[in-house]
2 protein chains.
Amino acid sequence: MAQEQIRIPQATARRLPLYYRFLNNLHSQGKQRVSSAELSEAVKVDSATIRRDFSYFGALGKKGYGYNVNYLLGFFRKTLDQDELTKVALIGVGNLGTAFLNYNFLKNNNTKIEIGFDVDETKVGTSIGDVPIYHMDQLKEKLVEEGISVAILTVPAPVAQIITDQLIEADIKGLLNFTPARLNVPPSIRVHHIDLAVELQSFVYFLKHYPSNEKEDTI
Amino acid sequence: MAQEQIRIPQATARRLPLYYRFLNNLHSQGKQRVSSAELSEAVKVDSATIRRDFSYFGALGKKGYGYNVNYLLGFFRKTLDQDELTKVALIGVGNLGTAFLNYNFLKNNNTKIEIGFDVDETKVGTSIGDVPIYHMDQLKEKLVEEGISVAILTVPAPVAQIITDQLIEADIKGLLNFTPARLNVPPSIRVHHIDLAVELQSFVYFLKHYPSNEKEDTI
DNA sequence: GTGACTTTGTGATATAGTTAACAAAAAAAC
DNA sequence: GTTTTTTTGTTAACTATATCACAAAGTCAC
Ligand SMILES: NC(=O)c1ccc[n+]([C@@H]2O[C@H](COP(=O)([O-])OP(=O)(O)OC[C@H]3O[C@@H](n4cnc5c(N)ncnc54)[C@H](O)[C@@H]3O)[C@@H](O)[C@H]2O)c1
Ligand SMILES: NC(=O)c1ccc[n+]([C@@H]2O[C@H](COP(=O)([O-])OP(=O)(O)OC[C@H]3O[C@@H](n4cnc5c(N)ncnc54)[C@H](O)[C@@H]3O)[C@@H](O)[C@H]2O)c1
């Protein structure tokens, strides 16, 4: 078969999981159909943007009717590969890491933290939220064994780059970085930064310098 | 005096805390000057973008020389109101909330979580990371008493809207929402959503559907 | 002091994302 | 079956952001 599909805009891609979650909600409420206007009210995204987003995948709706919840849900499940489990590793079982381990990302998500790593001997060998914690010495071995290529980084900033290098060595493909460090990686590896201190600080800046809410939501 | 300043682009505003942090790093390394190219390497933002960002505040650098670290740092400290402490409340002292309470956002940031709230009697009355936890019954009273107008929301999704209404009642101005709920607020109140499940899910989507790294970093 | 080099600040341009507006299609009402 | 109403899908316009490329203004070496 030809290719995946035409590449959709990144902004759209970032909204897909949001749509998917709210469609799930509607579905479990027994709703059969939904209009872009209703969905807009729920997810707080302009209805024209929603229609545009959906249109990248073809004509999913029906004029004068809206969208069939079941059909749309099924479509997005396929599009977001929700039938295939993505296994993730978490490096650094501290305050933030522990919170993530205790959270069930699987609930409408099909992503699971399968394994944790730390250097703290009091943590190695334990399980948190059913996720076993291993020592960093076993990083490569275990990642290869489990076939994991996505990692969440929640270690202290000063060791972030060193650990990143080890992860690259272990053939990781993507890195969700919660540390304040900006990482050096080869171009074949995707890194997203979620910098909570920056989020808080810029939020405070917006509050002080921008007149209230001209919506500008960080997803 | 006239007005604040010309309004700078939101994308720029979101990068300011990042610049500020790295300038602090350079400063404590004893560096006297820095070029946009060096800074670019450190923060992973195109050097032209950095120069453009800085230029919104006037001519901060010197041609053929670069930027004076001390001067720039002082300038951004003022711009980001770093000399004035912003007090923040945290609602919902669970997994995520506890992680935040244990984290020192004050380190180069001048934002501090001053107070926490929960309904869990085992948490009320304790302190976590030196932050006292109060019962939700005292929400309005305490927020007014402490003069707090920014809140972080880390409660279960089903109660998010109810608590939001209480916060509005308590005259909050901004809300950093970590729950998956999309909140209804009057336009005078600013809400930023940080939706970690969406971040993870869309990250996985990018990994599968977009050829490696055409950089597209969520700050 | 002179010439070579560096680096800014910014027009111009390119790229990305959002939104208004509406014809076309279908549904719903009658 | 006809009319009215609803709501999509998309064209066109707008707004925002990023980047190129280079003159201008300086620094630096000698
Ligand atoms: N906690 C927050 O709210 C918060 C907010 C913003 C940013 N962050 C960032 O997130 C990261 C984690 O924060 P935290 O509060 O969980 O820190 P933490 O100190 O509680 O946890 C760090 C964990 O990493 C482990 N670790 C240390 N060196 C390691 C190594 N070489 N290999 C593997 N594991 C190692 C430690 O044993 C510890 O368990 C930090 O970079 C921090 O700056 C955290
Ligand atoms: N932990 C994570 O990694 C993670 C990831 C993604 C999203 N989230 C979201 O963040 C939020 C918090 O997650 P968590 O894992 O910390 O949950 P949690 O259950 O550990 O904590 C929730 C806290 O809120 C308190 N609470 C409940 N009802 C309350 C009320 N009416 N008023 C005040 N406090 C109340 C509970 O007592 C508890 O302490 C949830 O909405 C969750 O979906 C968390």
Side-chain angles (χ1 to χ4, degrees), chain A residues 5-16 18-19 23 26 31-69 71-72 75 202 206 209-211 213-219, chain B residues 5-16 18-19 23 26 31-69 71-72 75 202 206 209-211 213-219:
Chain A
Q5 184 118 18
I6 270 334
R7 187 80 51 74
I8 63 167
Q10 302 206 347
T12 297
R14 264 184 268 114
R15 283 187 290 265
L16 295 182
L18 196 59
Y19 297 145
L23 286 170
L26 291 176
K31 265 201 141 252
Q32 298 288 317
R33 59 185 270 192
V34 66
S35 69
S36 59
E38 283 175 276
L39 207 47
S40 169
E41 167 56 25
V43 299
K44 314 288 184 208
V45 170
D46 187 276
S47 70
T49 302
I50 292 178
R51 291 198 301 281
R52 166 89 50 210
D53 283 348
F54 288 4
S55 78
Y56 292 117
F57 299 99
L60 303 178
K62 222 184 264 183
K63 301 191 182 195
Y65 175 88
Y67 302 89
N68 179 292
V69 172
Y71 176 77
L72 211 50
F75 183 85
S202 68
F206 277 118
H209 297 266
Y210 288 69
N213 206 357
E214 312 148 52
K215 69 195 123 109
E216 172 280 327
D217 296 356
T218 306
I219 300 195
Chain B
Q5 186 117 16
I6 269 336
R7 188 80 52 73
I8 61 166
Q10 302 205 349
T12 298
R14 262 182 270 114
R15 282 186 291 264
L16 294 182
L18 196 59
Y19 297 146
L23 286 170
L26 291 176
K31 264 201 139 249
Q32 299 286 316
R33 59 185 270 194
V34 66
S35 68
S36 59
E38 284 175 275
L39 207 48
S40 169
E41 167 55 26
V43 299
K44 314 287 185 210
V45 170
D46 187 276
S47 70
T49 300
I50 293 178
R51 292 199 299 282
R52 170 82 60 200
D53 283 347
F54 287 5
S55 78
Y56 292 118
F57 299 100
L60 302 178
K62 224 184 262 185
K63 300 188 182 200
Y65 175 89
Y67 301 88
N68 178 293
V69 172
Y71 176 76
L72 211 50
F75 183 85
S202 67
F206 277 118
H209 296 267
Y210 289 69
N213 207 356
E214 313 147 49
K215 68 194 127 103
E216 172 282 327
D217 295 357
T218 305
I219 299 196

[X] has an atom [atom1]; how far is it from atom [atom2] of [N], in whole Å?
X	N	atom1	atom2	result
A:Y67	D:dT7	OH	C1'	9 Å
A:D46	D:dT15	CG	C1'	14 Å
A:I8	C:dT15	CD1	C1'	17 Å
A:D53	C:dT18	CG	P	7 Å
A:E38	D:dT8	CD	C1'	14 Å
B:N68	C:dT8	CG	P	13 Å
B:R51	D:dA25	CZ	P	17 Å
A:L16	C:dG17	CG	P	13 Å

Do B:S202 and A:R14 pair up side chain to side chain, a donor and an acceptor below 3.5 Å, judged on atom types alone? no

Among [options], the nucleotide that comes nearest once only the side chain of [X] is considered:
X	options	result
B:S35	D:dT8, C:dT8, D:dT17	C:dT8
A:A48	C:dT8, C:dA20, D:dT17	C:dA20
A:Q10	D:dT8, C:dA20, C:dG17	C:dG17
B:S55	D:dG9, D:dA18, C:dG9	C:dG9

With a 4.0 Å limit, can you tell me whether [X] has a side-chain N or O closer than that to the phosphate oxygens OP1/OP2 of [N]?
X	N	result
B:T49	D:dA18	no
B:S36	C:dT8	yes
B:Y56	D:dA16	no
A:R15	C:dT18	yes

Atom pair CG/OH of A:L39 and A:Y19 - distance to nearest 0.5 Å: 7.5 Å

Would you give the length of the straight line joining atom OG of A:S47 to atom CG of A:D53, rounded to the nearest 0.5 angstrom? 11.5 Å

Is a donor-acceptor pair below 3.5 Å formed from side chain A:R52 to base C:dT19, judging by atom type as modelled? yes

Checking B:T12 against B:R52 for the side chain to side chain contact (heavy atoms under 4.5 Å, CB included) test, could you report, in this order, the C-alpha distance in whole Å, the side-chain angles of both residues, the deciding distance, and whether it holds? CA-CA 9 Å; B:T12 298; B:R52 170 82 60 200; 6.0 Å; no

Comparing A:P9 and B:G66 on DNA chain C - which has the more 5′ nearest nucleotide: B:G66

Can you pull every protein N or O that's under 3.5 Å from an N or O on nucleotides 25-30 of chain C?
residue	atom	partner	partner atom	Å
C:dA28	OP1	A:R33	NH1	3.1

Taking the side chain as everything from C-beta on, heavy atoms only, tell me whether A:I50 gets closer than 4.5 Å to A:V43. yes

Candidate list B:Y56, B:F57, B:Y67, B:F54, test ring pair (Phe, Tyr, Trp, His ring centres under 6.0 Å), partner B:F75, passing option: B:F57

Which residues pass the side chain to side chain contact (heavy atoms under 4.5 Å, CB included) test with A:V69, sequence neighbours left out? A:L26, A:H27, A:V34

Apply side chain to side chain contact (heavy atoms under 4.5 Å, CB included) to B:R7 and A:H209, showing your working. CA-CA 8 Å; B:R7 188 80 52 73; A:H209 297 266; 5.8 Å; no

Could you check whether A:F54 gets within reach of a base, just the sugar-phosphate, or nothing at all, counting any heavy atom under 4.0 Å? nothing

